[in-house]
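Whatever order the structure lists them in is the order used to number ligands and atoms, beginning at 1.
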Amino acid sequence: MRLLPLLLLLLAGCGPKEAPAPPRKLNLYMWSEYIDPQIPADFAAKTGVKVNVSVYESSEEMLAKLQHAGGHRQYDLAVVSNMLVPTLVQLKLVQALDQGRIPNRNNLDALFIDPAYDPGNRYSLAYQWGTVGLLYNKTKLPDLDPSWGLLFDPARVRGSFVLIDEMRDQLGAALIFLGHSANSTDPEQLRRAGQLVLEAKRNARSRGCEGGVGGKNKVAAGLADLAVVWSGDALRAIEEDLRGELAYVVPSEGSIVWADVMVIPAQAPNPEAAHQFINYLLDAQVGAQLSRFTRYASPNQAARALLPKEDLENPVLYPAPEVLSHLEYQREVGEQVRLYDEVWTEVKSR
Ligand code: N2P
């Protein structure tokens, strides 16, 4: 037992520990193709904090990573769908923001302040917003009648198509086609919507179900005529397509409008840098640079004032009022998300 006193002596000899210097890096977790690489580079040059960007292609993948694969203590900042905020809070996967460290939050549009999904913005601040619609090749599908029937009504399917591997968006589109709310929690409506997606998946013209930018890439590469995509990814494809063959449309039955937000995972190694980076992203200049790259709409009023007129007038980015009035704002559905999970698991496994 002579070892113990020695050990105690050694430990005491270490004296009171000084807090270790915070790591000079920030791990960011977000959808792919969702940030201008110049933004983290500029941030690193200004602050000395290097930003590592890791990407995901579906909310399902993101949730699994945060919940079961240590993501909540690996990442410092995550960009996620706003409707998942209550779930992330309930699962204790995110931490409250220190609003005092984010003065640029005042640049956000009133619409994104104190939202229903996160009262008081305790946990989240808006990043970008957009719509769900169809990216298609005009030469393959001339005079397209923009309808969800292009996927769900075998009599109206006109070309090969790609579904989107995003539960709420793909089931939401089917619900809208059936004349229901994209936020429905009616088990029968959901079951029917799942059935439609399954039939579409099995249609001979289906080219699969792709997460994130997958559908966009297939249409851009000529591997499919049409894909369910998000507005910004569509616009990036349209602008990169030198032949000018691509177009984006919101189906006439209506569609979904969504928003993504920034959250700090519960045990983020560097919450300090995360707050700093959130504030940086909410700067007017940086916010404008962000939307110039992502081709999504900016929730940042001060940034919008710096965006070119042709962006603000581009209906893919900022839908016209008559289109917007057709769109449904995606909401979280509480416990009832179980119904979606069940139907979606069924769709994906068959
Ligand atoms: C960017 C994906 C945007 C996410 N590639 C849509 N919620």
Is any N or O atom of Tyr34, backbone or side chain, closer than 3.5 Å to an N or O atom of ligand 1?
->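 No, since none of the N or O atoms of Tyr34 sits under 3.5 Å from an N or O of ligand 1.
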Atoms of ligand 1, numbered as shown, that sit under 4.0 Å from any heavy atom of [X]:
X      : value
Ser32  : 1 (C), 5 (N)
Trp31  : 1 (C), 2 (C), 4 (C), 7 (N)
Tyr296 : 1 (C), 2 (C), 3 (C)

Under-4.0 Å salt bridge between Arg350 and Glu346 |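 So Arg350 pairs with Glu346 through a salt bridge.
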N-O pairing of Asp225 and Arg158 below 4.0 Å |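 Not counted as a salt bridge, because no side-chain N and carboxylate O are separated by less than 4.0 Å.
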Just by distance, no angles: are the side chains of [X] and [Y] close enough, under 3.5 Å, to form a donor-acceptor pair?
X      : Y      : result
Ser58  : Glu166 : no
Lys50  : Asn52  : yes
Glu328 : Ser181 : yes

Thr294, Asp260, Thr131: member with heavy atom nearest to atom 4 (C) of ligand 1 =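 Heavy atom nearest to atom 4 (C) of ligand 1 belongs to Asp260.
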